Amino acid sequence: MSALKIHNTLTKQKETFVPINKGEVSLYVCGMTVYDFCHIGHARVMVVFDVVSRYLKYLGYNVKYVRNITDIDDKIIARSVEAKEDFTQLTKRFTDEMHQDEASLNVLPPDLEPLATDSIDNIISMIEKLIANNNAYVGPNNDVYYSVESFENYGQLSGRKLDDMNAGERVDVDNNKRNPFDFVLWKSAKPEEPSWTSPWGQGRPGWHIECSAMATCCLGNHFDIHGGGMDLQFPHHENEIAQSEAATGERYVNTWMHNGFVRIDDEKMSKSLGNFFTVRDVLKKYRGEEIRFFVLSSHYRSPLNYSDEQLNESRSALERLYTALRDVKPIQNNLQSDYIRRFEEAMNDDFNSAKAISVMFECANELNKLKSLNPEQASLIAGDLLKMAGPLGLLNQSPEEFLQSSAGADSVISNDEIDVQINQRLQAKEDKNWALADQIRDALKEQGIILEDKGAETTWRRVNVATLATQPQ
RNA sequence: GGCUGAGUGGCAGAGUGGUUAUGCAGCGGCCUGCAAAGCCGUGUACAGCGGUUCGAUUCCGCUCUCAGCCUCCA
């Protein structure tokens, strides 16, 4: 079998993955700053790295997956003042909301979820080391800054040189800094702001240092994989490397993974542009699994354009897979089938979920053919399909649950009422009263219920009325 | 200005130096009372211009277009 290859942002190449400790993988992902609801961009990070972690486990690795929560920063303080809500209350509230969104998307909780505010001691001791090593200094305003010039390899991750960068491009140059690209490690508190005691007075940690401290604390000075969104490449991850390597004297991370953005109309979805959809909003119209499928239907490094059309397609695609699994009892196939081999090959190629999913569809096609011809063989194929779905976190419901659930559908008719209608129609069919039978079927269709006759039986599934209406006739 | 990445059939989206991606939509057929689902068949896609090659969508160069980063951001 082919070996797992991962695209490393540090080298801009796909590299064969070799863990530091045989059989173990240490994975750190930058998590949310919890002052608002998750948007679809956050959903992408959560889903992508959930799949990374699941697939590594599928390959037999013992995975330690850490994803932090940033629960103190300027935006949190601003929001808590605005909402007149204690900042710990606010962050607790949105942490809970995030966990709900994750569950909706079938994202498994990481193994550890450290909080920045629980890591203040580690942060302070790391800053002390940096000052002792002359990588950091206390500014005239008592803020502590990291000196980018003190770190020889600064810019290695983002591929830029200090000389090439435009200081003051967006933000006014801060005169407390020796170099405009120096960044804050410890920020002095203004009156009324939440703060912790430190050798430099009351204050709070800078954004970048918390991740260095938490990752090092949970996974050691040197670990396997660090992930996050593209936009964190610079400055956040660049700064993490500078801090951690200067503080520990060791290499920080072997493999850096960055996922592409979600876009709306070919423009980055972001809070600052205000063009974002929250997971909560989208879940009103679509099931979590549909969002998940949408995310996985393109490669994690590609841009992902969000649209209702895309979500509708994801729904149709999932319907096809679940339909294939109807009326078949999946059993574990102990032989390595060609599907599984090709699935693993796709996933081994930098987690190519889009390609992996295409193998699932080929498998579904064969399953559909075998269901009537050779049920035993069909059961094995169905087992393969579910085996592939596992590390992708898909197809974890029963076909009936998915196809008949009203979650994300806009039809309101009850299951009982549907059964009543179906029975009436069966009677009409028996009477060869085709007009009545068709009338009942059409009426149900208008309510988002599609009937399917199979011999003397009738099965049904729920679809979106809105989707039906927008489909070209 | 510096640095990345991308341009594939109606849409979405993989991939490859010569052979069907896959899904949705379309068209023809089978099945069906009629449908739906499913199955079978069906599309002369690879931004443009040069170059390398027996052969390029795939490699190289240039051009055009788009997106991202250059201390808010996943």
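Keep in mind that what you see is a predicted model, and the values were worked out from it rather than measured.
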*Describe the nucleic acid contact of A/Arg425 in one word from base, sugar-phosphate, nothing, applying a heavy-atom distance below 4.0 Å.*
base

*asked:* Students often get this wrong, so: under 4.0 angstrom with heavy atoms, is A/Arg44 touching a base, only sugar-phosphate, or nothing?
replied: nothing

_I want to check a possible cation-pi pair here: A/Arg287 against A/Phe402, using under 6.0 Å from ring centre and within 45° of the ring axis as the test._
yes

*So does A/Asp453 reach the base of B/C34 with its side chain, donor to acceptor, closer than 3.5 Å?*
yes

_Quick check on B/C69: is either OP1 or OP2 less than 4.0 Å from any side-chain nitrogen or oxygen of A/Lys268?_
yes

*Which is true for A/Asn368 with a 4.0 Å heavy-atom rule: it touches a base, it touches only sugar-phosphate, or it touches nothing?*
sugar-phosphate

*Is there a donor-acceptor contact under 3.5 Å linking the side chains of A/Asp73 and A/Thr33?*
no

*asked:* Can you tell me whether the side chain of A/Lys161 and the base of B/C3 have a donor-acceptor pair closer than 3.5 Å?
replied: no

*Does B/C3 have a Watson-Crick or wobble mate here (both distances under 3.5 Å), and if so which one?*
B/G68

*Under-3.5 Å donor-acceptor pair between A/His39 side chain and B/A74 base*: yes

_Return whichever of A/Leu304 or A/Glu313 has its heavy-atom-nearest nucleotide of RNA chain B closer to the 5' end._
A/Leu304

*Considering Watson-Crick and G-U wobble pairs with both distances under 3.5 Å, what does B/C11 pair with?*
B/G23

*Looking for any heavy atom pair under 4.0 Å, which part of the strands does A/Glu309 touch: base, sugar-phosphate only, or nothing?*
sugar-phosphate

*For B/A35, what is the paired nucleotide under Watson-Crick or G-U wobble rules, both distances under 3.5 Å?*
none

*asked:* Distance to the ring centre below 6.0 angstrom and angle to the axis at most 45 degrees; does that hold for A/Arg44 and A/Phe261?
replied: no

_Can you confirm whether more than 12 heavy atoms, excluding those of A/Lys5, are under 6.0 Å from its NZ atom?_
no

*asked:* With the stacking rule set at 5.5 Å and 30°, tell me whether A/Phe361 counts as stacking on B/G23.
replied: no

_It should be established whether A/Asn305 places a side-chain nitrogen or oxygen under 4.0 Å from OP1 or OP2 of nucleotide B/C11._
no

*Ignoring backbone atoms, establish whether A/Lys369 has a side-chain N or O less than 4.0 Å from OP1 or OP2 of B/C40.*
yes

*Less than 3.5 Å between a donor and an acceptor, one on the side chain of A/Arg441 and one on the base of B/A35, is that the case here?*
yes

*Answer with base, sugar-phosphate or nothing: what part of the nucleic acid does A/Ser270 contact at a heavy-atom distance below 4.0 Å?*
base

*Please check the phosphate of B/G15 (OP1 and OP2 only) for any side-chain N or O of A/Asn352 closer than 4.0 Å.*
yes

